[in-house]
Amino acid sequence: MSNKGYMTKGIILTIIGFIVAFFPKIITYTLYGVCIIIALLCVIEIIQGFAAGDAGTVIPSVLGTAVLIAAIIFLPKIVAVGIGFIGGIVIAVLGITEIIKAVNSANGMIGGIIGAIMLIIGGICIFNPFSAGKIARIIVGIVMMLNGIFNLLVAHAIASRNKNSSSGVIDITGFTIDDK
């Protein structure tokens, strides 16, 4: 069994996790770079469209490209708000569920406290989604790094096992059958 896939996955996940957790501007700048490339390709298409005398197809293409560029530019903000807001709703609903279970239970004091804490955290996420999105991004980045490190450890274990194993060939020289 080869460990190359685990090594590759481990290195990629560790690097991307580190970037996601601690350098979010790199992702934003990458998206801006994509926007610049799309805009340049759009300019080339406009020039080709006018040179070919086909200006009618250039205008919808330019409008579509402008919408695509705007979506890419605003995507990080949309994702940050969406993660925080939707995550806050989910956490708040889980907190309310825990409180209801605690009220209906005889020994529900701890569940009620946990539910109240979850409800408060959910409310914070709903009303301050940018901070929640930042925390979620950091957690996702750290989880990616840990997953990458785990893959590197698996690759190391496979390499160690392969180094210590025999070739699997049975040597039968000097083997005799005793006829009794």
Practice task
Could you point out which residue of Ile114, Ile120, Ile113 forms a side-chain contact (heavy atoms from CB on, under 4.5 Å) with Ile117?
Solution key: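 So, applying the side-chain contact (heavy atoms from CB on, under 4.5 Å) to Ile117 and each of Ile114, Ile120, Ile113, only Ile113 qualifies.
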
Which atom names give the shortest non-hydrogen contact between [X] and [Y], and what distance separates them?
X      : Y      : answer
Phe22  : Met145 : CE1-CE, 3.6 Å
Gly88  : Cys125 : CA-CB, 3.3 Å
Gly111 : Ala102 : C-CB, 3.9 Å

Exercise for the section: Output, in order, the C-alpha distance, side-chain angles, deciding distance and verdict of side-chain contact (heavy atoms from CB on, under 4.5 Å) for Leu146 and Phe150. Expected result: CA-CA 6 Å; Leu146 292 174; Phe150 174 75; over 6 Å; no

Could you tell me the separation between the [atom1] atom of [X] and the [atom2] atom of [Y], rounded to the nearest 0.5 Å?
X      : Y      : atom1 : atom2 : answer
Thr8   : Leu152 : OG1   : CG    : 9.5 Å
Ile126 : Ile121 : CD1   : CD1   : 12.0 Å
Lys9   : Asn147 : NZ    : CG    : 7.5 Å
Glu98  : Leu94  : CD    : CG    : 7.5 Å
Thr14  : Met144 : OG1   : CE    : 9.0 Å
Ile11  : Tyr6   : CD1   : OH    : 15.0 Å

Handout entry: Residues, nucleotides or ligands: over 12 heavy atoms within 6.0 Å of Ile110 CD1
Key =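 Counting other residues, nucleotides and ligands, CD1 of Ile110 stays at 12 neighbours or fewer.
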
Handout entry: Ile149 atom CD1, over 12 foreign heavy atoms within 6.0 Å
Key =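 Yes, CD1 of Ile149 has more than 12 neighbouring heavy atoms, counting only those of other groups under 6.0 Å.
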
Hydrophobic cluster identity match, [X] and [Y], side-chain contacts under 4.5 Å:
X      : Y      : value
Leu119 : Phe127 : no
Phe18  : Ile142 : yes
Leu41  : Val34  : no
Ile138 : Phe23  : yes
Met118 : Ile96  : no

Handout entry: Any donor-acceptor N/O pair, Ser105 side chain to Lys101 backbone, under 3.5 Å
Key =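 No: the side chain of Ser105 does not pair with the backbone of Lys101.
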
